[in-house]
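The next block holds one structure in the form of structure tokens; read it before the comments.
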Amino acid sequence: MILMSLQIRRLHEWLVDRLGLNRLPFRSVPYSYVTLEFWLGAIVAASFIWLGISGLLLLLYYDYVNPAETNRRLLESKPFFKPLLTSHLIAANIMILGAVAHMLRNFLVGAYKRPREILWIIGVLAGFMALQTAFFGYSAIGDKIAVEAINIGIGFVSSSFG
Ligand code: HEM
């Protein structure tokens, strides 16, 4: 392991020397630019964009009569369907977990305070919309768990609003 990291460092030094990378006019960036928490919002936005693109492509094959069975058939017959569906599901999880982490981070660092109050309010609305799209996508699968989730959603709405 140590040997490997030594070799990687030597390769890195070799590339920097041969390509003259240390002579390029690189601009130094603040430390905050290289932390994960700074990129959380961008990660959520990127996964949202991919969800939109892959979701539209999946919609081309969506069968509202029997979605779960059609998906199973497509997974076996179309080679591109698996990466499309899998990446859609992974992006959905990244978006929801990322949004929760992003909100927690902003709460803990006090980013809801002046002058960012409006950003916080927009964030709350974006968070609600993200949850709704997640619920929509979840129920679009149309399997037994999705039907149960819809029933819970209906129960929740009718008990909250009468
Ligand atoms: C759900 C979709 C969301 C997307 C796509 C999104 C996107 C972003 C992006 C790209 C930034 C700038 C970079 C960063 O600080 O990470 C940001 C900042 C911010 N977001 Fe979000 N956000 C979302 C949800 C939320 C939620 C749920 C909240 C809080 C309730 C929130 C509150 C904020 C605040 C206060 C900032 C400013 C942070 C700072 O300047 O330190 N956002 N958002």
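We count ligands from 1, going down the list as the structure has it; atoms in each ligand are counted the same way.
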Which atoms of ligand 1 are found less than 4.0 Å from any heavy atom of A126? 1 (C), 2 (C)
State whether E13 and R10 are salt-bridged, where the test is any N-O pair (Lys NZ or Arg NE/NH1/NH2 against Asp/Glu carboxylate O) under 4.0 Å. no
Heavy-atom pairs closer than 4.0 Å: do any link ligand 1 to the side chain of N106, the backbone, both, or neither? side chain
Same cluster for I94 and L36 if Ile/Leu/Val/Met/Phe/Trp/Tyr side chains link at under 4.5 Å? yes
shortest atom 35 (C) of ligand 1-to-protein heavy-atom contact is with A111 O, 3.5 Å
If you round to the nearest 0.5 Å, how far is CZ of F81 from CG of L75? 6.0 Å
With heavy-atom distances below 4.0 Å as the criterion, list the atoms of ligand 1 near G123. 24 (C), 25 (C), 26 (C), 27 (C), 28 (C), 30 (C), 31 (C), 42 (N)
Using a 3.5 Å cut-off and no angle test, enumerate the donor-acceptor pairs between side-chain atoms of residues 122-129 and protein atoms at least two apart in sequence or in another chain.
none

Non-hydrogen atoms of H88 and S54 that approach each other most closely: ND1-OG, 2.8 Å
Does at least one non-hydrogen atom of F38 fall below 4.0 angstrom from an atom of ligand 1? yes
Rounded to the nearest 0.5 Å, the CG atom of D17 sits from the CG atom of N22 at a distance of 7.0 Å
I want to know if ligand 1 touches R116 in the polar sense, i.e. an N/O pair below 3.5 angstrom. yes
Here the atoms of ligand 1 under 4.0 Å from any heavy atom belonging to A42 are 10 (C)
Give the C-alpha distance, both sets of side-chain angles, the deciding distance and a yes or no for side-chain contact (heavy atoms from CB on, under 4.5 Å) between I150 and Y138. CA-CA 9 Å; I150 295 169; Y138 194 66; over 6 Å; no
Once the angle between the rings of F107 and W120 is folded into 0 to 90°, is it parallel (under 30°), tilted (30 to 60°) or perpendicular (over 60°)? tilted
Test item, W120 contacting ligand 1 (heavy atom, 4.0 angstrom): yes
Per-atom filter on ligand 1: closer than 4.0 angstrom to a heavy atom of G41 are 7 (C), 8 (C), 9 (C), 10 (C), 16 (O)
Which residue supplies the protein heavy atom nearest to atom 37 (C) of ligand 1, what is that atom called, and how far is it? L119 CD1, 3.5 Å
So, of the N/O/S atoms that H102 has, which is the nearest one to atom 21 (Fe) of ligand 1? NE2
Residue portion contacting ligand 1 (non-hydrogen atoms closer than 4.0 Å) for K113: neither
Look at ligand 1 and say whether R105 reaches it with a heavy atom at a distance under 4.0 Å. yes
Considering residues, nucleotides and ligands other than F80, do more than 12 of their heavy atoms fall under 6.0 Å from its CZ? yes
In this structure, atom 4 (C) of ligand 1 is nearest to the protein heavy atom V44 CG1, 3.9 Å
CG of L15 to CG of L21, rounded to nearest 0.5 Å, is 7.0 Å
Whether the side chain of Y62 engages the backbone of I141 through a donor-acceptor N/O pair (distance < 3.5 Å, no angle test) should be reported. no
Within ligand 1, which atoms have a heavy atom of A45 less than 4.0 Å away? 5 (C)
Where ligand 1 meets M103 - atom numbers and elements under 4.0 angstrom, heavy-atom basis: 29 (C), 30 (C)
Would a search of protein heavy atoms around atom 39 (C) of ligand 1 find one under 4.0 Å away? yes
V124: numbered ligand 1 atoms lying under 4.0 Å from its heavy atoms: 30 (C)
